[in-house]
Amino acid sequence: MTAPTALAAAADRTDAPAEPTASAPEHPADLDGLRIDERVALRYAELPPQERKGADVLLEHFGDLATYSAAELASLAGVSKATMSRLFRNLGFEDFTQVREHLRRLRQHGLPVTLGATADLDAHVEAEGAAVQRAVAALGVHLDAVADLLAHAPRVVVVGLRNSYPVALHLRQQLTQVRPHVTLLPQPGQSWSEDVVDLGPQDAVVLVAFRRRPPGVRALAERLQAAGTPVVLLADPTARALAAHATWWVECPVQARGAFDSYAAASSVVAVLADAVLARRGRTGEQRVASIDSAYRTLGEVEAR
């Protein structure tokens, strides 16, 4: 072999692209849009034994993963930091910083993920107070119009699914003490089509729609808008697109410092709104409250004072 031929052969060996290995995919596009635990499940069978140890630790600590450092996770798995770094790349992340950002995005969409190492009660109280102030301020912009609607519409329908259902149930319970014909949807085990098909411009709907909403909520809002039914949307900031189909939007933050959403702001809005409706019902509302209280005592539904 001549010298130029030998050099060309060496160049071919140097410049030829390396065969992609199972543990280092060049472009893990199949991981786009998946949670980190779903990525682990998809790639687990292809991982080398040491990276599997790291993957096991990621799954075991998925709920509080963001409270650890990459070095701590490597120590828990009994592997090197370099092994954990390779695992993160195999899962579609450049480094652990991207993993943390991924977890923050999951939390912002309502997934219970712990982002802080320890509970800070003072910070929790401060955050709750700020959320209540923000929600009540959002209600204040529309309070007169919304309270008038809920006080005088012939029928009021309160809708809530999943995490929104307890807030909707509480609002219905408060409103029904001061006015008749307040309905909660959906009823247990039922859909809502039969109950919303007759709603029109004279009625009122309060749509409680906090994040992790079922897709049918948007279709319902669109139908109500088409029917001309006034809709009060009680929801968190992720409902911005849904708000386009509502008459009024009361934005209630639910993001908390812990793993789970907080509905303190929503409960405060319910209290303010019910008070405003009672005030607009006047003597009629007060008489209904008194009648219900008498019924409580007659039927023995609440403990004696």
Side-chain angles (χ1 to χ4, degrees), residues 11-124 126-128 130-131 163 210-213 236-241 253-262:
D12 288 343
R13 289 194 299 273
T14 302
D15 297 337
E19 288 292 326
T21 62
S23 61
E26 291 183 351
H27 182 64
D30 57 332
L31 302 178
D32 291 347
L34 298 181
R35 295 192 314 265
I36 186 172
D37 58 319
E38 294 172 327
R39 300 182 187 206
V40 169
L42 186 64
R43 284 289 159 83
Y44 192 84
E46 305 170 0
L47 296 175
Q50 290 295 95
E51 289 184 34
R52 286 191 184 184
K53 290 182 179 179
D56 290 338
V57 167
L58 296 184
L59 293 177
E60 181 180 353
H61 294 277
F62 174 66
D64 60 350
L65 194 57
T67 66
Y68 293 90
S69 68
E72 289 171 332
L73 293 172
S75 177
L76 288 171
V79 300
S80 68
K81 289 189 288 185
T83 296
M84 289 301 296
S85 295
R86 287 194 297 273
L87 172 61
F88 296 144
R89 290 194 295 272
N90 278 333
L91 297 179
F93 304 103
E94 291 183 6
D95 50 32
F96 191 58
T97 300
Q98 280 200 349
V99 174
R100 287 181 180 275
E101 181 58 32
H102 170 73
L103 294 169
R104 290 190 185 96
R105 288 196 300 270
L106 293 178
R107 182 66 192 89
Q108 288 167 0
H109 284 83
L111 193 73
V113 176
T114 299
L115 299 179
T118 57
D120 185 335
L121 297 183
D122 290 338
H124 169 78
E126 182 178 354
E128 293 286 88
N163 290 348
F210 292 107
R211 62 191 182 186
R212 310 191 87 182
R213 296 172 289 275
D236 65 282
T238 66
R240 189 167 303 277
V254 295
Q255 179 77 33
R257 293 180 58 85
F260 294 92
D261 289 347
S262 170

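Positions are given from 1, in the same order as the sequence printed here.
Asp236 is listed as a side-chain neighbour of Arg213, based on a closest heavy-atom distance under 4.5 Å. Two residues are said to be in side-chain contact when any heavy atoms from C-beta on lie closer than 4.5 Å; Tyr68 and Val57 fail this criterion.
The CZ atom of Arg43 sits 11.0 Å away from the CD atom of Glu51 when rounded to the nearest 0.5 Å. Atoms CZ and OG, from Arg86 and Ser80 in turn, are 5.5 Å apart once rounded to the nearest 0.5 Å.
The neighbour count for Glu126 CD, taken as heavy atoms of other residues, nucleotides or ligands under 6.0 Å away, does not exceed 12.
A donor-acceptor contact shorter than 3.5 Å links the side chain of Ser85 to the backbone of Lys81. A donor-acceptor pair under 3.5 Å links the side-chain atoms of Glu72 to the main chain of Ser69, judged by distance alone. Between the Arg211 side chain and the Ala239 main chain, no donor and acceptor come within less than 3.5 Å of each other.
Residues Val79 and Lys53 share a closest heavy-atom pair of CG1-CB, 4.0 Å. The minimum heavy-atom distance between Pro253 and Pro237, with the atom names listed, is CA-CD, 4.3 Å. The two residues Tyr44 and Arg52 make their nearest non-hydrogen contact at O-NE, 3.3 Å. Nearest heavy atoms, Leu87 versus Ala55: CD2-N, 3.4 Å.
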Discussion item. Walk me through whether Val99 and Leu58 qualify under side-chain contact (heavy atoms from CB on, under 4.5 Å).
Written reply: CA-CA 11 Å; Val99 174; Leu58 296 184; over 6 Å; no
Worksheet item: Does the pair Leu73 and Phe96 meet the rule for a side-chain contact (heavy atoms from CB on, under 4.5 Å), with working shown?
Response: CA-CA 10 Å; Leu73 293 172; Phe96 191 58; 3.5 Å; yes
Worksheet item: Hey, mind stepping through Gln98 and Leu91 against side-chain contact (heavy atoms from CB on, under 4.5 Å) and telling me if it holds?
Response: CA-CA 11 Å; Gln98 280 200 349; Leu91 297 179; over 6 Å; no
Item to complete: Could you go through the side-chain contact (heavy atoms from CB on, under 4.5 Å) check for Phe88 and Glu94 one step at a time?
Response: CA-CA 7 Å; Phe88 296 144; Glu94 291 183 6; over 6 Å; no
